[in-house]
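Structure, as structure tokens:
Just so it is clear, the model here is predicted, and its values are computed rather than measured. In what follows, every chain begins at residue 1, and chains take the letters A, B, ... in the order their sequences are listed. Computed over heavy atoms, backbone and side chain alike; hydrogens, waters and symmetry mates excluded.
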Amino acid sequence: MGGDDSGLESDNFDWNTEDELEIQNYNSSSSCLTLPNGDAVTGSGEASSSAVLANSKVLDHFVSMGFSREMVSKVIQEYGEENEDKLLEELLTYKALESSSRPLQRIEPDPCSSENAGSSWDDFSDTDIFSDDEEIAKTMSENDDTLRSLVKMGYKQVEALIAIERLGPNASLEELVDFIGVAQMAKAEDALLPPQEKLQYNDYAKSNKRRLYDYEVLGRKKPRGCEKKILNEDDEDAEALHLPNPMIGFGVPTESSFITHRRLPEDAIGPPYFYYENVALAPKGVWQTISRFLYDVEPEFVDSKFFCAAARKRGYIHNLPIQNRFPLLPLPPRTIHEAFPLTKKWWPSWDIRTKLNCLQTCIGSAKLTERIRKAVEIYDEDPPESVQKYVLHQCRKWNLVWVGRNKVAPLEPDEVETLLGFPRNHTRGGGISRTDRYKSLGNSFQVDTVAYHLSVLKEMYPNGINLLSLFSGIGGAEVALHRLGIPLKNVVSVEKSEVNRNIVRSWWEQTNQKGNLYDMDDVRELDGDRLEQLMSTFGGFDLIVGGSPCNNLAGSNRVSRDGLEGKESSLFFDYFRILDLVKNMSAKYR
DNA sequence: AGTACCATGAATTCTAAC
DNA sequence: GTTAGAATTCATGGTACT
């Protein structure tokens, strides 16, 4: 099958040609935060020496997050090292109680371990962030009092922080408690309940009571005729979030129907601009919840089959203008035959597919393609309908294409790259396995689709943008902006997978980027202090992009399709937490 | 009724180092 | 040849839409 792919090299994306720069001397060893010249921000020597000396990797991990060695030791002693989440929770609580007694001080390095504690980001001069801003200091002090109260009431610090950030400094304790209650309802309680009640709580996500909460407790504007609609069951939400057919969002380049105006909720209006992505076909209520957290912005549901030859139904929530969008050129081929001309020769007339289904993280096995070959080859002409049906079903299920007589095959990784709008070999090399390439690609953006939405930024930021990229994966947003010709000034890229970070780093160097790429591995470590340090360094973010994990939302998941409160997908709340922090902090940089 | 779905985990096979 | 670890194969429903 590999031989049949050679003809694909004729496709004419030209954006590889500018990417032939020599790889400069670069040290990619740091898994934490790395400067473009390869120096870890921590001062890599110090950080690594402490790692060698420390008897506990976990201890070091938390110390590097800014907690004092003494405090971390104590907590580890108490709870063991296994459950890092629990440890973090405890540390945050201690920190909250400590800081509320001296609200103006930021995390203080432990004098006993000043060589590393809390110093990870000291290269960013941040000593005067708050010093001449009494207003902010006052607000933060008040927030700390509130925070302490909430923590004392038994709420998790993270949840309390989110509530304070979301409702603002003037929110009463009662409002905050209510907010946390509802957030917990969406996130935590579900898992504790038996299946039957679980359903009720999922329904609760769009219930009248919930909506009343939104408009009254959160102080959001009631829509006209609200009282009537509240009596009217779920019509409003159901209508608002109904998947469009055709799934073209506010418009795609290849269809004539466009929406050119929309009214954003006031809280959502940027800058900073944000762009959130996840699977469109999530369990019921999920998009309602996501939309509610993201300032009530209506999701834009788009199927990438209008941009390329493969379907990819996704929902996007963003506060970007939607006028004067333009697509990347050349427009990618939008049928299987155009994308893979060599398959045409072998394509049976009874395989009526013209588009591929969604590119996923796994591929069909060699055994399966062999079974199909045997099933088809015993017939001189078209196989009987039952065989056709079986083969077509498997081809649809596994996205198989015809690469020889009676021979089907899954797409090669480079073909998937091309379909998704990435440079060929984007995920190749660097020790990544074939399986992992499929996995990384299957979790990625479709670049042309995202670029179309982001294209409006080009005339707004002719000198480039500062990008915060959460759950970066293989850098779909970065590639999209680059292909749009939008200079990337400073990019903070947060991605858990090391191979993915390496892919983005390699791409960054090969494309001769002039800006700076900082990478981190865990969104949960990106707190207000670190954001403040980053934003003060280069003056805030213009765009916050993120597609949070879909594992617990995706239809393919048989095991743990638990909704937004699932293990991975609940990281959406970190996207919101960070976005809200950046939004609140951005006033200073405008 | 038919269709699609950014998946997970156990079992199995493959690979490379010894 | 043994073996540990990595890569691959396979079985696994259910939801929410057309």
What about the rings of A:Tyr575 and A:Phe293, do their centers lie closer together than 6.0 Å?
-> no

Step by step, work out the ring-ring contact (aromatic ring centres under 6.0 Å, His included) result for A:Phe422 and A:Trp507.
-> CA-CA 10 Å; A:Phe422 288 92; A:Trp507 170 84; 9.0 Å; no

Is A:Arg405 atom CZ crowded by more than 12 heavy atoms from other residues, nucleotides or ligands, each under 6.0 Å away?
-> no

Atom CD of A:Glu255: over 12 foreign heavy atoms under 6.0 Å | yes

Take the protein atom [atom1] of [X] and the nucleotide atom [atom2] of [N], then report the distance between them rounded to whole Å.
X        : N      : atom1 : atom2 : answer
A:Leu392 : B:dG2  : CG    : C1'   : 12 Å
A:Lys355 : B:dT3  : NZ    : P     : 19 Å
A:Leu400 : C:dT9  : CG    : P     : 13 Å
A:Asp303 : B:dA4  : CG    : P     : 12 Å
A:Ile432 : C:dA6  : CD1   : P     : 15 Å
A:Lys284 : C:dG14 : NZ    : P     : 17 Å

Parallel, tilted or perpendicular: ring planes of A:Phe576 versus A:Tyr295, cut at 30 and 60 degrees = tilted

Stepwise side-chain contact (heavy atoms from CB on, under 4.5 Å) test for A:Ile317 and A:Phe274 | CA-CA 8 Å; A:Ile317 291 188; A:Phe274 66 90; 3.9 Å; yes

Summarise how protein sits on nucleotides 13-18 of chain B as a single string, 5' to 3': B when a protein heavy atom is under 4.0 Å from the base, S for sugar-phosphate-only contact, - for no contact.
-> ------

Readout for nucleotides 5-10 of chain B: B = base within 4.0 Å of protein heavy atom, S = sugar-phosphate only, - = neither; 5' to 3' it is BBBB--

So do the side chains of A:Leu359 and A:Leu441 get within less than 4.5 Å of each other, counting heavy atoms only?
-> no

Establish, from distance only, whether the side-chain atoms of A:Arg424 and A:Thr418 form a donor-acceptor pair under 3.5 Å.
-> yes

Does a donor on one side chain sit under 3.5 Å from an acceptor on the other, for A:Tyr316 and A:His453?
-> no

Nearest-nucleotide wise, let me know which of A:Gly431 and A:Asn245 is further upstream toward the 5' end of DNA chain C.
-> A:Gly431

For A:Lys313 and A:Leu243, what are the C-alpha separation, side-chain angles and deciding distance, and is it a side-chain contact (heavy atoms from CB on, under 4.5 Å)?
-> CA-CA 10 Å; A:Lys313 299 181 185 68; A:Leu243 295 175; over 6 Å; no

Given Watson-Crick and G-U pairs under 3.5 Å, DNA chain B in dot-bracket ([ ] crossing, | other strand) is |||||.||||||||||||

